[in-house]
Amino acid sequence: MENLDDKYERAAKRVKELKGFYRHIKIFVLFNGILYLLKSGLLNPFMPEGFPTEHYYFDWVNSNVFIWGLILAVHALYTFRYKIPFLQKWEERQIQKYIEREDEEMGKFK
């Protein structure tokens with residue numbers, strides 16, 4: 001039977017993963033939202049003198065959103081791996097494999 005402390009520890013780890021993922025989404029939206037506002041020119045009146053406000057200066061913003069979006073997608077796959085049956089079955093197979101390997105190694109030392 002599983003120990004209550006082990007269950008609590010796994011649940012706390014899971015909550016920490018979810019919290020990190022949601023923080024990642026908030027930062028992604030906030031940061032890229034500001035970049036798009038800069039690119040569109042809506043924030044130009046608030047920028048200090050000498051700040052580059054030309055549209056072409058922010059051409060890299062689309063690439064940034066795409067690459068960061070891919071990273072966010074990988075983070076989502078990792079965070080929600082328990083909800084994806086293929087990943088969960090793979091993880092269970094790997095755990096079983098390592099348990100069997102450890103049992104075999106322990107048998108060698110007896």
*Stepwise side chain to side chain contact (heavy atoms under 4.5 Å, CB included) check, K13 with E9*: CA-CA 6 Å; K13 181 183 176 194; E9 199 172 299; over 6 Å; no

_Just verifying a value: how many Å separate L37 CG and L42 CG, rounded to the nearest 0.5 Å?_
5.5 Å

*Report yes if some heavy atom in the side chain of V61 is under 4.5 Å from a heavy atom in the side chain of F66; otherwise report no.*
no

_With heavy-atom distances below 4.5 Å as the criterion, would you say the side chains of N62 and Y36 are in contact?_
yes

*Could you tell me whether E17 and R14 make a salt bridge, using a distance below 4.0 angstrom between a side-chain N and a carboxylate O?*
yes

*Please lay out, stage by stage, how F28 and I25 fare under the test side chain to side chain contact (heavy atoms under 4.5 Å, CB included).*
CA-CA 5 Å; F28 174 82; I25 288 175; 5.5 Å; no

*Please report the C-alpha distance between Y78 and F21 in whole Å, then the side-chain angles of each, then the deciding distance to 0.1 Å, and finally whether the ring-ring contact (aromatic ring centres under 6.0 Å, His included) criterion is met.*
CA-CA 9 Å; Y78 176 77; F21 176 68; over 10 Å; no

*Which heavy atom of N44 sits nearest a heavy atom of L38, and at what distance?*
OD1-O, 4.2 Å

_Checking the side chain of N64 only, and the main-chain atoms of W60 only, is there a donor and an acceptor separated by less than 3.5 Å?_
no

*asked:* Could you go through K97 and R93, starting from their C-alpha distance and side-chain angles, then the distance that decides it, and tell me whether this counts as side chain to side chain contact (heavy atoms under 4.5 Å, CB included)?
replied: CA-CA 6 Å; K97 181 174 84 172; R93 287 192 310 267; over 6 Å; no

_Derivation of the side chain to side chain contact (heavy atoms under 4.5 Å, CB included) call for V65 and F31_ = CA-CA 10 Å; V65 171; F31 187 78; over 6 Å; no

*What about L30 and M47, same hydrophobic cluster or not, with Ile/Leu/Val/Met/Phe/Trp/Tyr joined at side-chain heavy-atom distances under 4.5 Å?*
yes

*Should L18 and V15 be regarded as members of a common hydrophobic cluster, given that ILVMFWY residues are connected when their side-chain heavy atoms come within less than 4.5 Å of each other, either directly or indirectly?*
no

